[in-house]
Amino acid sequence: MEFKQKRLANGLSIIGEVNTAAQSAAVGFFVRTGSRDESKEISGVSHFLEHMLFKGTDKLSALEVNEAFDKTGAQFNAFTSEENTVFWAAVLPEYLEEVTGLWAELMRPALRDDDFNIEKNVIKEEIAMYKDLPHYDVMDRCRSLHFGEHPCGNSVLGTEEAIDAMGAEQMRGYFASRYAANNIIAAFAGNFDWERMCDLAEQGCSKWEKQDAARVLAEHTGSGKKERVEKANLSREHICLISPAVSAQDERRFAASLLGVIVGDDVGSRFFWELVDKAVAETASMQYSPMDGTGAFFSYIRCGAGNVGKALEIVKRVFEDLANNGVTEEELRKARNKALSALVIKNELPMGRLVDLGFNWVYLKTYREIEEDVNAVKAVSVADINSLIKQFSLSEFTQYSIGPA
Amino acid sequence: MAESVDKCVLSNGMVVLGERMEGVGSAAFDFMLPAGAAVLAEGMCGAANVIEDWIFRGAGKRDSRQLGDALDSLGLHRSSVVGSSHITIGSTLEASSLSEALGLYGDIILRARLEDEQFEPARQLAIDSVKGLDDNPRQKVMLELRERFYPPPLGRSTAGEVAELEKLTPAETKELISENFNLSQTIFSVAGKYDFDAVRRQIEGLFESGQTKKAEQVDIGSRAGKYTHIHNDGAQVHIGLMTETVRPADEDYYNARVAVSVLSGGMSSRLFTEVREKRGLCYAVGARYHGLKEAAGIGCYAGTTPDKAQETLDVIMAEFNRLADGISKEEVQRAKVGLKSALIMQSESSSSRAGAIGGDYYILGRVRSLDEIKERIEATSVNSVLGFLRRKRFGDFTVVTIGPKEVKI
């Protein structure tokens, strides 16, 4: 594996990790923008804009874009989170040029009014779809309750009302301020020709403008509030808990990630043995979610209405026990092995590698070899995790539940 | 592409398959145990889920906790899937842990402790997961659809029925395990980095003396109703529809796969273009081929708000029916490239390959090489696909909706 990087005069970063043994290659444009960069008036615009990029440019219609991608057999899509919008494609090496050229073109979209109005319907259908998926819905609501006025509480999808009220002009304004060259990274992983990709990126992206696209970062420990809503059509209780954690830039993120595995991996964790194995809850998980300048542990528990009290009592006990006694060497050893094999498996696919490569550059402005992450996971000690537990109390969580009446 | 398929059949009939992959450090394996939802006795719908959980609650010299800890210590990423024909249990792991992992799986399959006090939570979790489906209409609609589309018992719910689960006893479940964990019909597959001789010897040592018997034929009944609506006051109407097509062993299989890709392969496909891009009716819409050994169908899902449900269904049905009228050369070309690319990219993942070679062997009685699949896809053309669509026109559709509003068929 060989790492390459280049920065264009307008601030666009191009990075790549070449693996000539791979069967495929992956490309991604990582835009450092998401719902946390939105004001209330344009809530949901980052995600809506992500959809609009597929609608084409002054030269390409939406159908032409889709045909051009499909002609290459690419697996391609995009996703929007609180803080990133990522456009990606995984493709056979011989088609990478074509797909990269296409993405570069699309990053300067036409944003036509007609397309905007039709796509509004699709966005509202997506919002409706997530309402019918209570395990997502509860996470979204809990995030907003936890972060309150902090921008990380902003909803990625926005509300139906906000989407209805949004105008194409507002989207164009947002695009101009956030899709600046210096706020975008073009990343490549797998089997590809670095020089050729740099040429392509230079041709396609060097005219993009530079902008001040700063983001306000603030630590946040969470509101600690508790709320519940009833929905008559539900049959189970869906509970989300959010506890504070370290940020994506923090050295302790590896310890936090391992703590997530110890407490809430889907098998063999404390939640598993105390809640799932005993059939108190059908699902119970906790995951560390690193963010820009802050972080959180997200727990999700689903159980029958009769078990809610018992399940929450057990969670409380698990958290208290961790605060009092910490984790054990044996737990750490198991979590480490799981994390290490997950790293190996994920990075065997160019697409898996692309995500780590891109996000390391977004958050840390650096390249990390897989080996560095492996060593960082191996270096975490019981003392590291226990001191993390002392500094960030799991028990101080925000709680949101959705369940039957 | 470096690939080679290893195969041997143990004297008890158990099949051992492997596909070596260059440049990976992982290995993945699956045991396909012939105890899927359609195979188990009538009146015990869901028992496969209880079994899949119960066998992990202690095996050989290890109790439940010790077994879980031993699996975790190896850093395994476990997977368990209950399907129509099999319970498939397996893992993806760093290749150096393979031998130890296989030893543990040998215990789980042959020497599960099946203690009575561990039965209750296993059954309760199976019941909970059926109830949990009510809160996931998108998943539920496809299960309900398969149940109605496939002639019974092929489409029998892999999740189960609460009433039947509530009646299930430990003794009956033990009986099911001993009847159906039949090694002569079990397929083991491994892919990634491994030494086939070592794996074969180990599997032989672990399983050769296990119990075997003749495979039993499943009696297949006739298909249930055409349209079912399940009321739910959610935000969307979740629409599932399915129509019969050729089985994986059929000569026309690749023509069918290309046809489905034209309909719903990429973002330029017919359904995405007509339903989402032009009309904005849905966020999620898509069709895919779904094949069992005995029967196959093209299944389609769409989720949409109530006022658009009828139009969504009408547009989807029209697109299915219009397919035989004509397909362009470009459409077929895009479908072929898409299928081939997906295949090659899948070949980079050890867990995908382990699953694929095991599935091939069960359904076709042999493992297709990636080159063979590529050639067969390449050999399709506008004429072959249209010929297939005209010879085997889509017949009746089985339709299920879940949501606040019914549709008209």
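Proteins get letters first, then strands, A, B, ... in listed order; numbering begins at 1 in each. Computation of the quantities below employed the complete heavy-atom set of this structure, encompassing side-chain atoms and omitting hydrogens, waters and symmetry-equivalent molecules.
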With a 4.5 angstrom heavy-atom cut-off, which part of [X] approaches chain B: side chain, backbone, both or neither?
X         : answer
Phe76(A)  : both
Leu349(A) : side chain
Val276(A) : both
Ala342(A) : both
Lys55(A)  : side chain
Thr72(A)  : backbone
Ala128(A) : both
Ala232(A) : neither

With a 4.5 angstrom heavy-atom cut-off, is it the side chain or the backbone of [X] that approaches chain A, or both, or neither?
X         : value
Arg123(B) : neither
Leu281(B) : backbone
Thr273(B) : side chain
Ser64(B)  : both
Ala28(B)  : neither

Best-contacting candidate, [options], against chain A by heavy atom pairs under 4.5 angstrom:
options                                    : value
Gly132(B), Gly403(B), Gly303(B), Gly192(B) : Gly132(B)
Pro137(B), Gly75(B), Ser268(B), Ser349(B)  : Ser268(B)
Arg57(B), Glu330(B), Arg138(B), Arg78(B)   : Arg57(B)
Lys340(B), Glu120(B), Arg65(B)             : Arg65(B)
Gln118(B), Glu277(B), Gln124(B)            : Glu277(B)
Glu331(B), His238(B), Arg279(B), Gln139(B) : His238(B)

So Glu282(A) and Lys131(B), side chain to side chain contact (heavy atoms under 4.5 Å, CB included) or not? Walk me through it.
-> CA-CA 10 Å; Glu282(A) 57 212 77; Lys131(B) 290 182 173 167; 5.9 Å; no
Before accepting this row, confirm whether a basic side-chain N of the pair Asp128(B)/Arg236(A) lies closer than 4.0 Å to the acidic partner's carboxylate O.
-> yes
Should Arg276(B) and Glu119(A) count as an ion pair when the cut-off is N to O under 4.0 Å?
->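 Looking at Arg276(B) and Glu119(A), the cut-off is met.
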Are side-chain N/O atoms of Gln23(A) and Ser347(B) paired as donor and acceptor at under 3.5 Å?
->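 The criterion, which ignores hydrogens and geometry beyond distance, is not satisfied for Ser347(B) and Gln23(A).
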Residues Ala235(B) and Lys131(A): closest non-hydrogen pair is CB-CB, 3.9 Å
Provide the closest heavy-atom pair for Glu125(A) versus Tyr283(B) in the form atom of the first, atom of the second, distance.
->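 Nearest heavy atoms, Glu125(A) then Tyr283(B): CB-N, 3.6 Å.
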Heavy-atom distance under 4.5 Å between the side chains of Val267(A) and Phe56(B), does that happen here?
->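 Val267(A) does not reach Phe56(B) side chain to side chain.
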Starting from the C-alpha separation in whole Å, work towards a yes-or-no answer on side chain to side chain contact (heavy atoms under 4.5 Å, CB included) for Glu348(A) and Glu348(B).
-> CA-CA 7 Å; Glu348(A) 280 177 1; Glu348(B) 293 184 300; over 6 Å; no
When rounded to the nearest 0.5 angstrom, what distance separates [atom1] in [X] from [atom2] in [Y]?
X         : Y         : atom1 : atom2 : answer
Asp69(B)  : Glu330(A) : CG    : CD    : 6.0 Å
Ser341(B) : Asp70(A)  : OG    : CG    : 10.5 Å
Cys282(B) : Met129(A) : SG    : CE    : 11.0 Å
Gln333(B) : Lys71(A)  : CD    : NZ    : 10.0 Å
Leu74(B)  : Asn337(A) : CG    : CG    : 7.5 Å
Asn121(A) : Thr304(B) : CG    : OG1   : 9.5 Å

Evaluate side chain to side chain contact (heavy atoms under 4.5 Å, CB included) for Asn136(B) paired with His135(A), printing each intermediate quantity in order.
-> CA-CA 9 Å; Asn136(B) 192 344; His135(A) 49 299; 4.1 Å; yes
When you look at NZ of Lys193(B), are more than 12 heavy atoms from neighbouring residues, nucleotides or ligands closer to it than 6.0 Å?
-> no
From CA spacing to verdict: side chain to side chain contact (heavy atoms under 4.5 Å, CB included), Asp135(B), Ser235(A) = CA-CA 6 Å; Asp135(B) 292 359; Ser235(A) 84; 3.6 Å; yes
Top contributor to chain B interface from His51(A), Glu64(A), Arg336(A), Lys120(A) [non-hydrogen pairs under 4.5 Å] =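 That would be His51(A).
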